[in-house]
Structure formats: C-alpha cells, structure tokens
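What follows is a short report on a single structure.
These numbers come from the heavy atoms of this one structure, side chains and all, not from hydrogens, waters or symmetry mates. Within every chain, numbering begins at 1; the chains are lettered A, B, ... in the order of the sequence lines, protein sequences first and strands thereafter.
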Amino acid sequence: MPELPEVETVLQSLLPILQGKTVNSVKINHPQVIGWPESPLTFARELTGLIFRDGHRRGKFLIFQMSGERRLIFHLRMTGQLFYQEGFVSPAPHTHLILVLSGGGAVNFKDTRRFGRAYLLRPGEEKEAGNLERLGPEPLDPDFSPNDFKDVLKKRSGRIKSLLLNQCFLAGLGNIYVDEILFRSSVHPETPASRLREEEMDRLYCNMRTILREAISGRGTTFRDYRDGTGQAGDFQGLLQVYGREGQNCPHCAEEIRRKKVAGRSSFFCPRCQKDDSYDPDSIGECK
DNA sequence: AACATCTCCTGAAAGC
DNA sequence: TGCTTTCAGGAGATGT
C-alpha cells in the first residue's frame, strides 16, 4: 500500500525520466480511473501534447506540473502502480491508463483494484482532486515543529491511531507506518490523543520523522503490490518491526505481537511495550 | 462536530 | 481437492 515513502520513491524514480518529454497519445482502458475532468475523453484530449516540466509529492498524491499550466495528479490508493516502460510492451493486466511519450516510452497506470485515480487540473480546480486541498501538514516539512504537532494533538479526543491515519490532520501516513511509529514510541494504538503525555507526543513526532526518512532511504515497503516508477520493489519491508508480524516475538521484549482492529484497520502492536508507562529509553523509541 | 460504518474492487488465503 | 467466504485498506459517502 503506497504511503508517503512509497509515493516519494515513485516520484523520485519517475521524474528524471519524464522531465522534458511530451505526451504523444493517451489510451484509457478503464474510464473509471479518471477522476477529473468528468469526461475521460476530455482528459485524453487535453493531456495530449503537454510536456512534463516538474513534479512533487503532497501527502500520498503524485503531482506533475505540465506545460500549459496544467497539473497531472495521481493517487495510487491501495494497489496503484505508476511506472515507465521503454518502447512498446503489451500492457500488463489491469493497466487502465497509458501515456505514450516522445522518445517511444510510455507511462503506465496499473491498478488491480481500481481504487486509484488520475486527475488533470487547470489552475483553480484543486478541489476536484479528492481531498488534496484539505490535506494536513507534511510530516517532513522543516517548518512543521514538534509544537505544531502537539498543539493539534491536544485538541483531539479520538484514538491516536485514527488521528494519525486522518489525512486532514497529517498528510501521508497509512496503516503500515502508523503501526511502526506507535510501536517505536511505545504508544498503544487506542490511546486517546488528548490523554498522551508530553514526552509521548515528542516521541511520536520524532519517530514519525525518523521512520519516514528511513523508509524513503530504503525506497519504500513492498508488502504486496508496491513497485517504484521503474517497476522495482522496495527494501524497507524487512525492517518493519511489528506490521504483519502477528504471533512473532517483539524485537524488544520478546512478547508475542498481537493484532487487533483499531479504527477499522488491522493494528499490530506489542501488548507489553505499548501500554502506559512501558517506555524504556534504553531500548526502543528513543529520540535524539 | 466528530466519531464509526459502509462502499468500492480483486486476488490471495483461509475455511469448510 | 475444490468451492465459498473472508480479508486487505485509502478515503469518500453515509449513518449515528
């Protein structure tokens, strides 16, 4: 499931290839994946001829700045893959959108479960791209301080796990990294946000930034479907400490890792490490 | 207002 | 063995 580090990796692997290339033709195999404009035919017509200028990531959105003041935006959701292929290759199953580029290569948008979306926006149409306009701060933004993080946390009564997953609160976290952040911070996923102690909030902030940076360095987590912009898998999955490890021993205390539904998601946690006053600064979660 | 639940999708895995 | 059911989860829509 592509989260912030995976989307960042896709962007970094694709952008150098795409910059300067022109979209020569657009093939839409499944109109449902076009989120905007409403008419997929308009999407195809207006995208044809545009040049890839630049790109960046916002939350889990991939945003390409195109010529003509257009922005081409992708959200990969669960199983979406955006990758470049040189020359003509017959498309893999579930390839819903193909952009044939100058130079003969093509960008493929493949998404088994068809939750992902592509948007082509004119200036002023930002509200048409899902919740892009309502996203919370970027966790890795240098201007996003521990105090900013704590101030919003203190106002919330919900469980910390639901809050960290809420894109309007913080942009880019998903189920895998939230579980890892909570584990490293020794915080139980069901803890009410408003009841977190000061040092727990500091740990969450710090571990969040550390883990996201580590995962970007590892080029993302391939748990099932994720691939980068060249089709390569990530390397971070082996470094996950709790996610997907139900029944295995906690790497810190050897207690059996549990799995429980929290906020409608599978949550993996260590029942011994992640409870009140269980924090041991000499072992896990320490933030420098 | 702010939760929780349902929905969309397919394929892998579990259950019978 | 093989069919049926469950599960995975991002996020918008709907319900409480």
Side-chain angles (χ1 to χ4, degrees), chain A residues 1-10 28-36 38 57-63 73-82 91-97 109-119 125-136 138-139 152-182 189-195 212 215 220-227 233-234 237 240 242-247 257-269:
Chain A
M1 313 111 223
E3 304 181 26
L4 187 155
E6 289 73 35
V7 178
E8 184 67 33
T9 304
V10 172
I28 299 172
N29 293 325
H30 211 299
Q32 192 188 334
V33 304
I34 307 301
W36 190 262
E38 277 175 7
R57 178 196 55 75
R58 176 78 176 98
K60 299 173 195 169
F61 287 88
L62 278 156
I63 303 175
I73 301 179
F74 292 91
H75 196 302
L76 305 176
R77 293 280 192 107
M78 297 288 300
T79 54
Q81 297 176 5
L82 191 68
H94 308 294
T95 301
H96 307 311
L97 176 64
F109 182 45
K110 177 188 163 188
D111 186 3
T112 307
R113 286 158 78 176
R114 255 183 276 146
F115 288 171
R117 290 293 179 269
Y119 310 86
E125 290 183 333
E126 288 73 19
K127 63 182 182 305
E128 306 298 346
N131 64 352
L132 178 61
E133 254 200 333
R134 297 188 296 277
L135 290 180
E138 284 291 326
V152 276
L153 270 184
K154 286 171 189 167
K155 292 179 197 150
R156 298 301 200 106
S157 55
R159 295 164 171 179
I160 184 61
K161 169 129 189 185
S162 343
L163 201 51
L164 292 175
L165 286 172
N166 182 347
Q167 302 299 296
C168 302
F169 168 74
L170 209 58
L173 301 180
N175 203 38
I176 294 176
Y177 292 110
V178 166
D179 277 7
E180 293 298 310
I181 292 163
L182 290 169
E190 292 180 302
T191 312
S194 55
R195 224 182 286 164
L212 290 174
T221 298
T222 296
F223 200 78
R224 290 190 181 84
D225 308 272
Y226 166 73
R227 296 292 184 277
Q237 53 281 359
L240 297 175
V242 284
Y243 185 86
R245 298 193 184 277
E246 181 188 20
I257 291 168
R258 300 266 172 79
R259 170 189 187 140
K260 185 181 182 183
K261 281 261 183 211
V262 179
R265 301 280 175 267
S266 282
S267 294
F268 299 89
F269 65 101

Between atom [atom1] in [X] and atom [atom2] in [N], what is the gap in whole Å?
X         : N       : atom1 : atom2 : result
Phe115(A) : dT10(B) : CZ    : P     : 9 Å
Leu76(A)  : dA11(C) : CG    : P     : 10 Å
Met78(A)  : dT10(B) : CE    : P     : 14 Å
Arg265(A) : dG10(C) : CZ    : C1'   : 6 Å
Phe74(A)  : dG10(C) : CZ    : C1'   : 18 Å
Asn175(A) : dG10(C) : CG    : C1'   : 10 Å
Tyr226(A) : dG10(C) : OH    : P     : 15 Å
Arg113(A) : dG9(C)  : CZ    : P     : 9 Å

* Describe the nucleic acid contact of Met1(A) in one word from base, sugar-phosphate, nothing, applying a heavy-atom distance below 4.0 Å. => sugar-phosphate
* Just call it for Ser266(A): base, sugar-phosphate, or nothing, with non-hydrogen atoms closer than 4.0 Å on any strand. => sugar-phosphate
Heavy-atom check, side chain of [X] versus side chain of [Y], under 4.5 Å:
X         : Y         : answer
Tyr243(A) : Asn175(A) : yes
Leu240(A) : Phe223(A) : yes
Lys60(A)  : Gln167(A) : yes

* With Thr79(A), the side-chain hydrogen bond (donor to acceptor under 3.5 Å, both in side chains) member among Asp111(A), Thr112(A), Asp225(A) -> Asp111(A)
Could you tell me whether the phosphate oxygens of [N], OP1 or OP2, come under 4.0 Å of any side-chain nitrogen or oxygen in [X]?
X         : N       : value
Lys261(A) : dC7(C)  : no
Gln32(A)  : dC9(B)  : yes
Tyr243(A) : dG9(C)  : yes
His75(A)  : dA11(C) : yes

* To do: Could you tell me how the ring of His75(A) sits relative to the ring of Phe61(A): parallel (under 30°), tilted (30 to 60°) or perpendicular (over 60°)?
  => perpendicular
* Asked: Should the pair Glu133(A)-Lys127(A) be classified as a salt bridge under the 4.0 Å nitrogen-to-oxygen rule?
  -> no
* Whichever of Lys60(A) and Arg224(A) has its nearest DNA chain C nucleotide further upstream toward 5' -> Arg224(A)
* **Distance, nearest 0.5 Å, that separates CD1 of Ile34(A) from OH of Tyr119(A)** => 10.5 Å
* Structure fact -> So, with a heavy-atom separation below 4.0 Å from DNA chain B, the residues of residues 152-172 of chain A are Arg156(A), Ser157(A), Gly158(A)
* So which of Glu246(A), Arg258(A), Lys260(A) actually passes side chain to side chain contact (heavy atoms under 4.5 Å, CB included) with Phe268(A)? -> Glu246(A)
Collect all protein-nucleotide pairs involving nucleotides 12-16 of chain C in which both atoms are nitrogen or oxygen and the distance is under 3.5 Å.
| unit_1 | atom_1 | unit_2 | atom_2 | d |
| --- | --- | --- | --- | --- |
| dG12(C) | OP1 | Asn131(A) | N | 3.1 |
| dG12(C) | OP1 | Asn131(A) | OD1 | 3.4 |

* **Evaluation steps, side-chain contact (heavy atoms from CB on, under 4.5 Å), between Glu138(A) and Arg58(A)** => CA-CA 7 Å; Glu138(A) 284 291 326; Arg58(A) 176 78 176 98; 2.9 Å; yes
* To do: Verify side-chain contact (heavy atoms from CB on, under 4.5 Å) between Phe169(A) and Leu153(A), making sure each step is shown before the conclusion.
  => CA-CA 9 Å; Phe169(A) 168 74; Leu153(A) 270 184; 3.7 Å; yes
